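Here is the structure we will look at.
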Protein chains: 2
Amino acid sequence: MKKTGRKSVRRKGFAVTIDEVASLAKVSPMTVSRVINGHSKVRDSTRERVMQAVQELGYIPNLAASSLAAAQDARIALIYTNPSAAYLRELLLGALHSAARAAAQLVIDDWDELDAGGERKAARALARSVAGVILPPPLCESKAVIEELVEAGVPVVAIASGRFNHDISSVRIDDFLASKEVTEYLIKMGHARIGFIKGHPNQMASTRRFEGYQAALKDAGIAMDAALVQQGYFTYRSALPAVEKLLALRKAPTAIFASNDDMAAAAISVAHRRGLDVPRDLSIVGFDDSSAATTVWPELTTVRQPISTMADSALDILLRTIRRKENDTKVVVDQVVAHQLILRDSVAAPATMSASKTQGG
Amino acid sequence: MKKTGRKSVRRKGFAVTIDEVASLAKVSPMTVSRVINGHSKVRDSTRERVMQAVQELGYIPNLAASSLAAAQDARIALIYTNPSAAYLRELLLGALHSAARAAAQLVIDDWDELDAGGERKAARALARSVAGVILPPPLCESKAVIEELVEAGVPVVAIASGRFNHDISSVRIDDFLASKEVTEYLIKMGHARIGFIKGHPNQMASTRRFEGYQAALKDAGIAMDAALVQQGYFTYRSALPAVEKLLALRKAPTAIFASNDDMAAAAISVAHRRGLDVPRDLSIVGFDDSSAATTVWPELTTVRQPISTMADSALDILLRTIRRKENDTKVVVDQVVAHQLILRDSVAAPATMSASKTQGG
DNA sequence: GTGAAAGCGCTAACAG
DNA sequence: CTGTTAGCGCTTTCAC
């Protein structure tokens with residue numbers, strides 16, 4: 001008679017509880033719990049009855065309670081430094097979603113102000129207070145941070161790290177393949193002089209993307225022209241001079257492949273400033289399918305990296321790892337998720353293909 | 001013998017608990033709790049002993065447990081439709097921060113796909129499942145949504161709503177004043193022909209910003225030129241034609257004040273496409289200080305709207321309201337937070353001020 | 001100023 | 001496939 005206890009000293013919350021759902025559906029709270037959590041061993045008719053009661057009452061499980069009861073109250077940290085707004089938005093949304101589903105306690109932290117030593121210290125402190133850590137780039141490349149965390153035995157999942165590091169789990173796309181596909185697409189459209197803007201050298205993903213570009217060129221029998229490759233740092237600003245250099249070339253490229261959308265947006269801006277029409281005079285492709293891709297005009301052809309889903313997966317892996325810890329089988333997984341080429345309006349066949357310069361005007 | 005119960009069926013979590021701290025400090029768990037939560041009635045010596053134990057053990061309170069026990073497990077919803085990535089990022093960060101601090105359970109929901117009827121239905125459902133709702137624009141202007149929520153007695157806080165609505169609490173900046181200050185700044189810099197790009201008409205903030213612009217002009221004795229005012233919809237794309245029209249004017253403006261940063265970024269883009277230098281040939285200011293403001297080049301002079309802090313405040317207000325509900329004193333607050341003019345590189349004195357066109361080149 | 005008891009809402013384990 | 005029991009870690013209330 002726990003729930004109806006009249007002499008209870010504590011005031012009950014206002015929210016609908018699992019017990020109310022249970023009594024409406026005429027089952028035990030446990031059964032409701034099973035339905036909510038998608039356990040399979042429930043008769044369909046029962047499940048339906050429960051679902052209906054849930055619907056009717058507008059029941060939303062109390063996360064605090066479930067997390068407490070399940071003792072999977074895993075406190076997991078999501079640490080970031082200086083990510084683009086779009087990126088962080090996706091990351092948060094994904095992690096939040098998964099955290100809610102799994103009743104995990106998310107600790108979001110910004111290490112922007114920290115130097116290398118500070119990161120090491122922060123990592124050490126973190127290791128004592130959370131059960132797992134999610135590391136997006138560029139932190140997932142920090143030897144110091146990873147070392148501290150691994151040493152302390154805290155499971156870590158790197159997101160979008162570019163490559164697998166055997167010390168920690170990772171959720172990523174195949175940057176090499178994605179980049180190769182983009183380049184191949186450009187080649188198929190008729191482009192032979194394709195400019196490339198590299199990403200920040202502190203991230204493996206940058207390297208992988210560049211390698212994909214090179215591989216596609218090689219496969220197509222196109223010789224690499226070093227002048228067509230410029231260094232960028234993933235920021236809009238960093239790409240400005242890179243694009244300027246590319247377009248100032250005597251034999252300017254007919255297409256530019258930027259290692260992320262921000263830099264592709266910069267390419268559009270520079271092209272416009274020089275009076276070029278995108279995509280007629282210059283095709284541009286980005287990478288990530290961040291919000292920048294659809295903010296600019298024309299909208300960017302790009303590669304979709306499902307950050308939100310990836311964050312979700314990362315949290316799942318962490319939770320599974322934590323729970324398995326009792327059997328202290330240490331497992332490191334490398335999950336490669338599918339990317340997707342998103343075709344929009346920033347790519348066309350090169351003008352020279354159709355009728356050289358006659359179209360100009 | 002609860003905690004040391006040897007025949008416990010449940011495995012205990014790995015984390016340090018309040019009981020461990022208590023026994024190390026040789027006090028009851030209750031006292032530890034009081035120390036942690038800053039209750040005053042604890043002897044200093046006791047407090048110190050507890051603190052030390054906390055330190056020593058690296059104890060971090062389990063949020064799930066405290067929120068459950070305190071029954072302040074207020075579930076509060078943050079609903080959004082189609083916000084810019086930067087905006088949502090700030091919103092989430094602020095709300096998350098506050099939620100963690102207050103042990104509230106955040107329910108994040110995306111109503112992008114809903115039509116007006118759907119919103120009404122969703123609002124009705126929501127009212128039954130959460131203790132409070134945070135509404136960013138443009139949802140905070142939806143009569144239907146607010147009606148349903150208010151009718152159900154759910155406290156609602158509107159963020160950045162542009163004006164106070166007596167039915168619901170709000171946290172906002174003074175859009176009118178901020179806009180007036182921006183315009184005055186432009187005038188002080190020597191601009192007299194100032195183009196204005198309005199925001200989406202479905203938001204009061206748009207109106208207030210326009211009014212601020214008008215007021216500053218009037219105060220300065222500058223006659224309003226209707227041709228200088230163009231409609232936008234807060235998106236980058238929507239501002240493109242608006243800016244084109246402005247710059248095609250025979251007497252083109254020397255400055256453009258866009259109602260948000262995205263549209264200001266579009267203005268820069270169009271200006272560049274037309275071969276204008278920003279700020280030499282055209283000054284541009286935005287509004288919000290979103291990430292777009294520092295992504296573009298030159299960086300935007302804009303008004304900082306502290307979204308993250310505002311979200312934090314909103315959650316606080318909600319929590320206070322919910323807790324006060326027992327005394328069923330319904331309170332609606334209107335909190336106006338300070339904005340800030342951020343001076344960056346997109347504004348200069350008009351070229352005609354210094355030496356007409358001699359500077360060109 | 002401090003402690004003991006009770007229970008927040010939920011779920012793991014074990015029966016049936 | 002479903003119910004019963006016993007807590008998860010913390011804080012409320014009330015006693016001392």
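The analysis underlying the following values was restricted to heavy atoms, covering all of them including side chains, and did not include hydrogens, waters or symmetry mates. First the proteins, then the strands, lettered A, B, ... as listed; each starts at 1. Predicted model, so just to flag it, every value in this text is computed and none were measured.
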Check this one for me: any side-chain N or O of A:Thr31 less than 4.0 Å away from OP1 or OP2 of D:dC1? no
Of A:Arg34 and A:Ile18, whose closest DNA chain C nucleotide lies nearer the 5' terminus? A:Ile18
So for B:Arg47 and C:dG1, does any side-chain atom that can act as donor or acceptor lie under 3.5 Å from a complementary atom in the base? no
Expressed in angstrom and rounded to an integer, what is the separation of A:Asn37 atom CG from C:dC10 atom P? 11 Å
Taking only N and O in the side chain of A:Ser66, is any of them less than 4.0 Å away from OP1 or OP2 of C:dC10? no
Please state how far atom NZ in A:Lys41 lies from atom P in D:dG3, giving the value in whole angstrom units. 16 Å
Given side chains that start at C-beta, do those of A:Val133 and A:Val157 come closer than 4.5 Å, heavy atoms only? no
Judged by nearest nucleotide, the residue sitting upstream toward the 5' end of DNA chain D, B:Ala65 or B:Met30, is B:Ala65
B:Ser28 side chain near C:dG3 phosphate (N/O to OP1/OP2, under 4.0 Å): yes
Nucleotide of D:dC1, C:dG9, D:dT11 approaching B:Ala69 most closely (side-chain heavy atoms): D:dT11
Could you grab the distance from atom CD1 of A:Ile60 to atom CD1 of A:Ile18, nearest 0.5 Å is fine? 13.5 Å
Just how far is it from atom CD1 of A:Ile307 to atom OH of A:Tyr87, taken to the nearest 0.5 Å? 3.5 Å
Whole-Å gap separating C1' (D:dT12) and NE2 (B:His39): 10 Å
Which of the following nucleotides, C:dG3, C:dG9, D:dC1, is nearest to the side chain of B:Val27? C:dG3
Roughly how many Å is it from CG in A:Asn62 to P in D:dC8, rounded to a whole number? 18 Å
Does a side-chain heavy-atom distance below 4.5 Å link B:Ser170 with B:Gln335? no
B:Asp19 CG to D:dT11 C1', straight-line distance once rounded to whole Å: 12 Å
Take the protein atom NZ of B:Lys26 and the nucleotide atom P of C:dT2, then report the distance between them rounded to whole Å. 16 Å
Do B:Asp334 and B:Ser169 have side chains that approach each other closer than 4.5 Å (heavy atoms only, starting at C-beta)? no
Going by side-chain contact (heavy atoms from CB on, under 4.5 Å), name the residues that satisfy it together with A:Glu151, two or more places apart in sequence or in a different chain. none
How far does CG of A:Leu149 sit from CD1 of A:Ile168, to the nearest 0.5 angstrom? 8.5 Å
Is A:Thr17 close enough to C:dG9 that one of its side-chain N or O atoms is under 4.0 Å from OP1 or OP2 there? no
End axis versus end axis in the helix from C:dG1-D:dC16 to C:dG16-D:dC1, the angle rounded to 10°, five pairs used at each terminus: 20°
Pair listing, salt bridge (charged side-chain N to carboxylate O under 4.0 Å, His left out) test, anchored in residues 138-147 of chain B, at least two apart: B:Arg120-B:Glu147
If you check the B:Leu68 side chain, which of C:dG1, C:dC8, D:dT2 turns out closest? C:dC8
Quick one: which of D:dC10, D:dG3, D:dT2 gets closest to the side chain of A:Thr46? D:dT2
Candidate nucleotides D:dC10, D:dC1, C:dC10, ranked by approach to the side chain of A:Tyr59 - the nearest: C:dC10
